[in-house]
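Since the structure comes first, as structure tokens, the remarks are kept for the end.
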Amino acid sequence: DSGVTQTPKHLITATGQRVTLRCSPRSGDLSVYWYQQSLDQGLQFLIQYYNGEERAKGNILERFSAQQFPDLHSELNLSSLELGDSALYFCASSRGVGMGIETQYFGPGTRLLVL
Amino acid sequence: AQKVTQAQTEISVVEKEDVTLDCVYETRDTTYYLFWYKQPPSGELVFLIRRNSFDEQNEISGRYSWNFQKSTSSFNFTITASQVVDSAVYFCALSEKGYGGSQGNLIFGKGTKLSVKP
């Protein structure tokens, strides 16, 4: 168990809908990352937050947004869902306190199925 | 551009065989980290090891060993005396520097699916 929690574990929804994925980082971790794992694209970085502020952005669609709250949990919002958004969404966290490169610990993922 | 290549898509071995998973990376950074993660059938991503660009020492942890060679931009992973529980998808990843020199995102290879048969 990495200490990173994600809810829900599974999500089934319809095209055009909006969903929110939730992530709680390991205790003491300030950085949160979101990744998408799909069959055709593999594992791709979406976005990073550090202590409530957006820190880095990857291949995140404009229909997707995220935020990190004062208690450090993070939410990834996916709107106007399309079939191609079906994927496993991972949240990861790291300490975020130093200037070095840190290990990211991953949550169990949320499996999203868009029908 | 930074890139990680895992040329082996799938490998199948019989229990107790040794197996090596290859990873080749590309980066222009002089400071970087390489990682291996394991994704068992249950789906979670489990951290195995990280190595920084200044430390080319090989590492051994039980049946697992890693060989880092900057000259060939490779970071290979060997499992000795494989077991059925080693069956998983293994990902090699490269860290990319983020904002202000701090931890950035990971660039993953496509993964190698290892099947260990009894």
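Below, chain A is the first sequence line, B the second, and so on; all start at residue 1.
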Taking the six-membered ring for Trp and the full ring for Phe, Tyr or His, determine whether the centres of B/F47 and A/Y105 are under 6.0 Å apart. yes
Result for side chain to side chain contact (heavy atoms under 4.5 Å, CB included) between A/L43 and one of B/L106, B/I107, B/L45 points to B/L45
Would one find more than 12 heavy atoms of other residues, nucleotides or ligands at under 6.0 Å from atom NZ of A/K57? no
Is B/Y37 close to chain A through its backbone or its side chain, or both, or neither, when contacts mean heavy atoms under 4.5 Å? side chain
A/R26, CZ atom: more than 12 neighbouring heavy atoms under 6.0 Å: yes
Over all heavy atoms of both residues, which pair between B/R50 and A/T103 is shortest? Give the atoms and the distance, please. CD-OG1, 3.2 Å
Non-hydrogen atoms of B/Q39 and A/F90 that approach each other most closely: NE2-CZ, 3.5 Å
Take a 6.0 Å sphere around CG of A/L39 and say whether it holds more than 12 heavy atoms from other residues, nucleotides or ligands. no
Got more than 12 heavy atoms from elsewhere within 6.0 Å of CG, A/L83? yes
Counting only heavy atoms not in B/K38, do more than 12 fall under 6.0 Å of its NZ? yes
Which atoms of A/Q37 come close to chain B, meaning under 4.5 Å heavy atom to heavy atom: side chain ones, backbone ones, both, or neither? side chain
Is A/Y49 linked to A/Y89 within one hydrophobic cluster, defined over Ile, Leu, Val, Met, Phe, Trp and Tyr using a side-chain heavy-atom separation of less than 4.5 Å? yes
Hey, would you say the B/F108 and A/F45 ring centroids sit under 6.0 Å apart? no
Could you look at A/L88 and say if it's the side chain, the backbone, both or neither that has a heavy atom under 4.5 Å from chain B? side chain
